[in-house]
Chemist: 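Below: one structure in structure tokens.
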Amino acid sequence: RVRGCRSSVFLFFFWLLGVVCSLIPLHAKVQHFISYFRHTYPTFCTFWTYSVFVANLFLLFSQNACPVQDASFLSKILFWWFSGLVFKGYRSPLQAEDLWSLREEDTSEKIISDLEEEWTAERTKLQHTSIALGSRLPEQAQFLRKIQKEQSWGFCLLRTLARSFGHYFLNGTLCLMVHDAFMFSVPQVLSLLLGFMKDEDAPLWKGYFYASLMFLLSCLQSVFNHQYTYTCFTVGMRVKTAVMGLVYRKSLVVNSASRRTCTVGEIVNLVSADTQKLMDFVVYFNAVWLAPIEVTLCLFFLWQQLGPSALAGIATVIFIFPLNGFIARQRSKLQEIQMKYMDGRVKLMNEILNGIKILKFYAWEKAFLEQVLGYREKELKTLKKSQILYSVSLASFNSSSFLIAFAMFGVYVLIDDKNVLDAQKIFVSMALINILKTPLSQLPFAMSTTMQALVSLKRLGKFLCQDELKPDNVTKESFKSGERSLVDKHYCNGTFSWSKDGPACLKGISVRVPCGSLVAVVGHVGSGKSSLLSAILGETEKRSGAVSVKGSIAYVPQQAWIQNASLQDNILFGREKKESWYQRVLEACALLPDLDNLPAGDATEIGEKGLNLSGGQKQRVSLARAVCRKADVYLLDDPLSAVDAHVGQHIFNKVIGPKGILRDKTRVLVTHGMSFLPQADLILVLVDGEISERGSYQELLNRNGAFADFIHTFASSERKECFSEASQRGNITVVCVKSNCCLNVKKLSMTQFSFSGDTNSITIEPLPDSDEDHIPEDLGKLTKVDKARIGRVKLEMYIEYFRTIGLPLIVSIVFLYAFQQAASLSYNYWLSLWADQPVINGTQLNTDLKLGVYGALGFAQGIAIFGTTLAISLGCIIASRHLHLDLLNNVLHSPMSFFESTPSGNLLNRFAKEIDAIDNMIPDGLKMMLGYFFKLMEVCIIVLMATPFAAVIILPMAFLYGFIQSFYVATSCQLRRLESVSRSPIYTHLNETVQGASVIRAFNEQSRFIMGANHKVDHNQTAYFPRFVATRWLGVNLELLGNGIVLAASILSVMAKGTLSPGMVGLAVSHSLQVTGFLSWIVRSWTDVENNIVSVERVKEYADTPKEAAWSIEGSSLPPSWPQKGTIEFQDYGLQYRKGLELALKGISVHIKEREKIGIVGRTGAGKSSLALGIFRILEAAKGQIYIDGINIAEIGLHDLRSRITIIPQDPVLFSGSLRMNLDPFDAYSDEEVWNALELAHLKNFVSELPDKLNHECSEGGENLSLGQRQLVCLARALLRKTNILVLDEATAALDLETDTLIQSTIRSQFEDCAVLTIAHRLNTIMDYTKVIVMDKGHIIEMDSPSNLIAKRGQFYYMCREAGLL
């Protein structure tokens, strides 16, 4: 009692029996008191006080409504401890803070810490067995062994889960067995009651006793059933937590080869759909073994009633079982196929959401929409086949009670004329057959669920047994100050690959890096520079050699990984903030000017993947994260490729260089820039994964090897490429080779930018698709949290859902249900008439006719059942198809601002879990609700026919049911919503983690991310736990009330003993026994439908969000070859990111002629990227117009516009699929044209060496290509489209200098006849352009040729001088 008010089972029963036993003496005392008041006054008072005291104790322990840990025994078994939350939910919609925290035994930390050790041991044992066997088996046997191993992964996982949760599950199984004992007792008592009705001399008290006993047994049956279900759902919840935890932890350690086979979409499916299948398995598994036992017991009791005729029932069961076993197996196969298509669809949707900006720029939405719909159609086709089989299964099982009764009664009356079917035989048999229906109906569902769970276990086991990164890939040693810190590859022949069987990505590597040195790694695209850093991090497969690292590591990846968190959280990355150091890091990484532009400074929320930051800003944040860490070894993978030259120079001086804040640290810098190479202590030149040269800058030049040739060639080529002021240019070249101040120049020339002026005047590039103004005003908050709606689901949502099904189908469904129950009522009433038929000479007359009518009515009902289930399934598939299509169209038609503010996890949740609920849960709920509703109508009619006085009990009880249901639905619906919205962050976090796993590992932050995942899963389970308890609360209380109808029907029958025939009593009482189940199932299925209609509500949520303009306009008179000239005219053009904000572009008026090459330059926030967004109508005009070839672009469709102009974006995005699909998703070009584009993009040699050439499968995000190769693919897309207008946004950031030179010359030659707009981050790339537009604060302040602008000595002149060009 230290933790609160608790009562034991023994105390509860002691006081309960004390109260019950004291009632009899209390009655006697009251009688005595009335007679002898004066004599017995003290005794009476003492006894009365004792009785009240005992009753109070009983009430104190039974009516404690606190949560489960401190609830009394009675409160626990009747779930009264939950009532407080139900009342609170009825008074006002529940919020997340109203929910209880999880019990300790349900928390992720407790569950996974115990499970993880067992799973690791199990997996290790399995791997050792495989290795031992594999080494001795021939090749063919090894292949069979591999298949067997895949099967055993799932069983290993099941074994581990059983060890952890089996004991608690067995408690529930015990409750189920006790429930079954009470369930089989009820027909025996019914037999006694019907015997009493036949016996005219039987005393009346016997009838009342049997009626009360039947009521008590029904109540106990309800209590034990719900305790069992509560236990199963609790175990299911823990299994879900355990599996989610294991999958999340696995995603942090899986190696790169395995990662490529498991996309983010598939991993999201594992934690959404597959965990749900396991939860269902826990709930229904016992039916797999217990149902056959229940069937056997039913048949045993039937034998007692009908003798050998019961064997006919066994024959019917034997016929039904294999049929449904076959159907279950077929549905399992279809389920596996459907899951495969669902995986593909969710994976593709994940990629679409990640690359939505590219889809919009290229007008590719339709191509990808068709791909998604292709998957969806296959998924629905498979689902339709599965539902047809399920309809056959349901029809056979729902007709099973009739088929068994028909077979047994038919055989019974036909084998002997003396066999008489009286009320006792018929209705006790029917009660037993109704019991038989439960295991028979559960069995196919249990078998189906088990088959689905085995598929899910296999999928989960396969993922959890994927190869992991080996800890011994890298030997990590602690670093003590004064020691030499080494990144040391000991073996001369160190060989590394990305997978066990793949080709080596690094060969013959031998490097030793002393403490505090700066190592530069250079080489062509795809030469293995990033692989070298990955080998140091232990991300690659070590074939031979060894890697040893002393001290902690900080890593800056080539593509910055940014979390959906505040800027400060991204930089600190879990570390404590030290203000002075933090400010120093911000200044060194040139982030201070950015903070001034962000609405809440460093507290501004950054969108997923840094959506509201430019490429350069993302790289600087990524670098600041590493610098802030104060690590011993820094691995920098081309971190300055995306930043402006003068910013790059500043960062090199302040961070990386000899005078930077990392000067005492070991730095390995991958780069394509060369100006700072003289300052590197060691330069490694990589060619095809091998170190071809190494040494200091001067040593390499003196050797006159490939590196020296490259330097000289490049220096001479740049002199040819530069604009006419050759003498000036030559001087600059000399300065740049000798100066050591600047970093990473990569355009046509080797001219470097010098840095001058105060560091605070550094400028950074603006946001490519969103200005600082685009961030909402509430202090830097960007993303919209997935919020739960409140209140009950509106009627409009049901109307919307049923409208998609269609009125003719709905009318057919209602008619078939009415016909089905009319047939059922008819054959049941026919049985009661048969039972009451008088026996003449030991036989009944016209048994053949009676049997024939009974059979005809029953078979008519069976056909109607098949028709109704099939009609509902097909109707729901039609609705599901429409809802998914609407969701997909709504999302793809949304503007970019929608994707910046909506986390991808929210959208993925809609496409995965919510669509799955609409596909599967709503049809099942509707079938159940309508089926039980019509059955209830039938039962009420039968009971009222037998005992009209029962209306006095049935009608008030109906109102009471409605009252309880209104309480329940309000709470349950809101809990469903809260559970749904708390699920989205799990997927978002998982998505983010998988993409940034290498960074998380490099910074050794796995435990922090695991804690974050635990917190999100626990938050979700906090809503899920009360949600399933609510169903138990409803079920047990409704069933106790429903048992009142059993009591009423029995008592009223006993009272009307003389007037009622045994046939009608049997009919009424046997059917009233089913009312309890029917009523609770109606409310439960109704609630399930309402809960799952929330999925429809959430899918329809995006119908009302703002949409883009139409993709194409019908009847458009746009010429097919538009734009022919490529002229662009801005007329007083203004643009704003959101209504009410200041214009980002103000009064832009400019005319760009055909074939002109325009460079656009300006400081941060000047609006240069906004111009590009305006041309592509990513943002719509606030005022003015843009004309292309004299046509106002606002008057044409978005796809008509975007497909006729081309952009090469800063971030190269590829999608999983063939290389050809990535270049030409519409199949609009011939192979010859595609090869030609690849040749011009310098990719032909690479692609022709691939085994599948153009059909080479790109992994998710193009991860199996280097960043440089991905940028070349983006260039090939532009060359393939070759429109008359080209926009370049720092398009060759990740290329080495030689390739960059070739690409620039390709662009100049291939797009010579086109208008080219270059958003320039480096001024030297545009010095030979026709015109340069200089922008500032949304205005064009200068526009002329570069030479004229320099001569005018305006802002462009100062920018050139600052960049070291003058």
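None of the values given here were measured: they were computed from a predicted structure.
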Chemist: Quick check against the 3.5 Å criterion: does Ser332 have a side-chain atom that pairs as donor or acceptor with the backbone of Ala328?
Modeler: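 Such a contact is absent between Ser332 side chain and Ala328 backbone.
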Chemist: Parallel, tilted or perpendicular: which describes the rings of Tyr230 and Phe1028, with under 30° parallel and over 60° perpendicular?
Modeler: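 Judged by the thresholds at 30° and 60°, the geometry between Tyr230 and Phe1028 is tilted.
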Chemist: Keeping the roles fixed (side chain from Asn1020, backbone from Glu979), state whether a donor-acceptor pair exists under 3.5 Å.
Modeler: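 Side chain of Asn1020 to backbone of Glu979, a donor-acceptor pair under 3.5 Å: yes, one is there.
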Chemist: Which distance, rounded to the nearest 0.5 Å, do you find between the CZ of Phe368 and the CG of Leu892?
Modeler: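 Reported value, rounded in 0.5 Å steps: 10.5 Å.
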Chemist: Near Met237 CE, under 6.0 Å, is it more than 12 heavy atoms from other residues, nucleotides or ligands?
Modeler: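 Yes - once you tally the heavy atoms of other residues, nucleotides and ligands closer than 6.0 Å, there are more than 12.
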Chemist: Any idea which heavy atoms bring Met797 and Glu1097 closest together, and the distance?
Modeler: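 Residues Met797 and Glu1097, closest heavy atoms: SD-CA, 3.8 Å.
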Chemist: Checking Arg1098 against Val981 for the side chain to side chain contact (heavy atoms under 4.5 Å, CB included) test, could you report, in this order, the C-alpha distance in whole Å, the side-chain angles of both residues, the deciding distance, and whether it holds?
Modeler: CA-CA 10 Å; Arg1098 283 165 63 76; Val981 299; 3.3 Å; yes
Chemist: I need the minimum non-hydrogen distance between Ala1023 and Ser982, along with the two atoms involved.
Modeler: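 Looking at all heavy atoms of both residues, the shortest contact is CB-OG, 4.5 Å.
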Chemist: Evaluate Arg803 against Glu800 for salt bridge (Lys or Arg N to Asp or Glu O under 4.0 Å), listing each step before the verdict.
Modeler: CA-CA 5 Å; Arg803 189 187 289 131; Glu800 180 72 34; 3.4 Å; yes
Chemist: Ignoring hydrogens and geometry beyond distance, is a side-chain donor-acceptor pair present between Gln276 and Lys913 at under 3.5 Å?
Modeler: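 Yes, a side-chain donor-acceptor pair sits under 3.5 Å.
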Chemist: Would you say that Asn889 contacts Leu369 through its side chain, given a criterion of any heavy-atom pair below 4.5 Å between the two side chains?
Modeler: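 When only atoms from C-beta onward are counted, Leu369 and Asn889 do touch, with a gap below 4.5 Å.
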Chemist: Decide side-chain hydrogen bond (donor to acceptor under 3.5 Å, both in side chains) for Ser873 and Lys927; before the verdict, give the C-alpha distance in whole Å, the side-chain angles of both, and the deciding distance to 0.1 Å.
Modeler: CA-CA 9 Å; Ser873 298; Lys927 285 173 199 169; 2.9 Å; yes
Chemist: Side chains of Thr869 and Tyr390: closer than 4.5 Å at any heavy-atom pair?
Modeler: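 A side-chain contact is absent here, since even the closest heavy-atom pair is not under 4.5 Å.
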Chemist: CD of Gln387 to CG of Leu334: how many Å apart, nearest 0.5 Å?
Modeler: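 It comes to 10.5 Å.
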Chemist: With no hydrogens and no angle check, do the side chains of Gln338 and Ser386 hold a donor and an acceptor under 3.5 Å apart?
Modeler: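 Per modelled atom types, Gln338 and Ser386 side chains form no pair under 3.5 Å.
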Chemist: Any side-chain heavy atom of Ile435 within less than 4.5 Å of one from Glu294?
Modeler: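 Result no, sub-4.5 Å side-chain heavy-atom pair not found.
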Chemist: How long is the gap from NE2 on His884 to CD on Glu377, to the nearest 0.5 Å?
Modeler: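 The distance works out to 10.0 Å.
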Chemist: Glu336 and Arg459: salt bridge (Lys or Arg N to Asp or Glu O under 4.0 Å), yes or no, with the steps?
Modeler: CA-CA 10 Å; Glu336 201 164 346; Arg459 283 158 51 85; over 6 Å; no
Chemist: Got a second to check how far Gln452's CD is from Leu278's CG, nearest 0.5 Å?
Modeler: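 Taking CD in Gln452 and CG in Leu278, the distance rounds to 11.0 Å.
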Chemist: Can you find a heavy atom in the side chain of Ser1112 that is under 4.5 Å from one in the side chain of Lys366?
Modeler: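 Sidechains of Lys366 and Ser1112: in contact.
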Chemist: Main chain of Val283, side chain of Tyr228: is a donor-acceptor contact present, judged purely on distance under 3.5 Å?
Modeler: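 Yes; judged by distance alone, with no hydrogens or angles, the pair exists.
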Chemist: Please verify the inter-ring angle class for Phe934 with Tyr817; under 30° counts as parallel, over 60° as perpendicular, anything in between as tilted.
Modeler: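 Rings of Phe934 and Tyr817: parallel, as their planes differ by under 30°.
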Chemist: Distance-only, no hydrogens or angles: does the Thr229 side chain make a donor-acceptor pair with backbone N or O of Asn225 under 3.5 Å?
Modeler: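 Such a contact is found between Thr229 side chain and Asn225 backbone.
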Chemist: Any luck finding a side-chain donor-acceptor pair between Ser980 and Arg910 under 3.5 Å?
Modeler: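 Judged by distance alone, the side chains do not pair up.
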Chemist: Measure across Val1099 and Leu883 and return the closest heavy-atom pair with its distance rounded to 0.1 Å.
Modeler: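 It is CG1-O, 3.7 Å.
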Chemist: Just checking His1199: does its NE2 atom have more than 12 heavy atoms from other residues, nucleotides or ligands closer to it than 6.0 angstrom?
Modeler: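 Count over threshold, so yes.
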Chemist: For Ile404, is there any backbone N or O sitting under 3.5 Å from a side-chain donor or acceptor partner on Thr316?
Modeler: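 Absent.
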Chemist: Determine whether Tyr284 and Cys232 make a side-chain contact, defined as any pair of heavy atoms from C-beta on separated by less than 4.5 Å.
Modeler: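 They are not in side-chain contact.
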Chemist: Specify whether Trp1033 and Tyr968 have parallel, tilted or perpendicular ring planes, treating 30° as the upper limit for parallel and 60° as the lower limit for perpendicular.
Modeler: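 Ring orientation, 0 to 90° scale: parallel.
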Chemist: Give, for atom CD1 of Ile922 and atom CD1 of Ile1093, the distance between the pair rounded to the nearest 0.5 Å.
Modeler: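 The CD1 atom of Ile922 sits 4.0 Å away from the CD1 atom of Ile1093.
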Chemist: For the residue pair Phe898 and Tyr1102, does the interplanar ring angle fall in the parallel (under 30°), tilted (30 to 60°) or perpendicular (over 60°) class?
Modeler: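 Perpendicular: the ring planes of Phe898 and Tyr1102 meet at over 60°.
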Chemist: Given 3.5 Å as the limit, does a donor-acceptor pair link the side chain of Ser894 with the main chain of Asn890, or not?
Modeler: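 Looks like yes, one N/O pair under 3.5 Å.
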Chemist: Do the side chains of Val891 and Ile352 get nearer than 4.5 Å, heavy atoms only?
Modeler: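 Side-chain contact under 4.5 Å: no.
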Chemist: Looking only at the side chains, is there a donor atom on one of Ser456 and Lys458 sitting less than 3.5 Å from an acceptor on the other?
Modeler: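 The criterion, which ignores hydrogens and geometry beyond distance, is not satisfied for Lys458 and Ser456.
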Chemist: Is there a side-chain contact between Ile813 and Leu926, using heavy atoms and a 4.5 Å cut-off?
Modeler: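 Ile813 does not reach Leu926 side chain to side chain.
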Chemist: In Å, rounded to the nearest 0.5 Å, how long is the span from CG of Asp343 to CD1 of Ile267?
Modeler: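 CD1 of Ile267 is found 10.5 Å from CG of Asp343.
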Chemist: Do the side chains of Phe819 and Thr868 get nearer than 4.5 Å, heavy atoms only?
Modeler: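 They are not in contact (no side-chain heavy atoms under 4.5 Å apart), so the answer is no.
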Chemist: Leu975 and Ala1030: which non-hydrogen atoms are nearest, and at how many Å?
Modeler: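 Smallest heavy-atom distance, with atoms named: CD1-CB, 4.4 Å.
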Chemist: Is the number of heavy atoms from other residues, nucleotides or ligands within 6.0 Å of NZ (Lys1107) greater than 12?
Modeler: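 Counting other residues, nucleotides and ligands, NZ of Lys1107 exceeds 12 neighbours.
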Chemist: Check whether any side-chain N or O of Arg983 sits under 3.5 Å from a backbone N or O of Ser272 as a donor-acceptor pair, and report yes or no.
Modeler: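 Judged by distance alone, no pair lies under 3.5 Å.
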Chemist: Which of parallel (below 30°), tilted (30 to 60°) and perpendicular (above 60°) describes Phe406 and Phe859?
Modeler: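 Plane angle over 60°, so perpendicular.
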Chemist: If I compare all heavy atoms of Met339 with all of Asn269, which pair ends up nearest, and what's the gap?
Modeler: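 Here Met339 and Asn269 meet closest at O-ND2, 4.4 Å.
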Chemist: Between Tyr1024 and Lys240, is there a cation-pi geometry (under 6.0 Å to ring centre, at most 45° from the normal)?
Modeler: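 Verdict for Tyr1024: a cation-pi partner in Lys240.
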Chemist: Would you kindly say whether Asn920 and Asp916 are connected by a side-chain donor-acceptor distance under 3.5 Å?
Modeler: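 Side chains of Asn920 and Asp916: pair found under 3.5 Å.
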Chemist: Output yes when a side-chain donor or acceptor of Thr382 lies under 3.5 Å from a complementary backbone atom of Lys378, and no otherwise.
Modeler: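 Side chain of Thr382 to backbone of Lys378: a pair is present.
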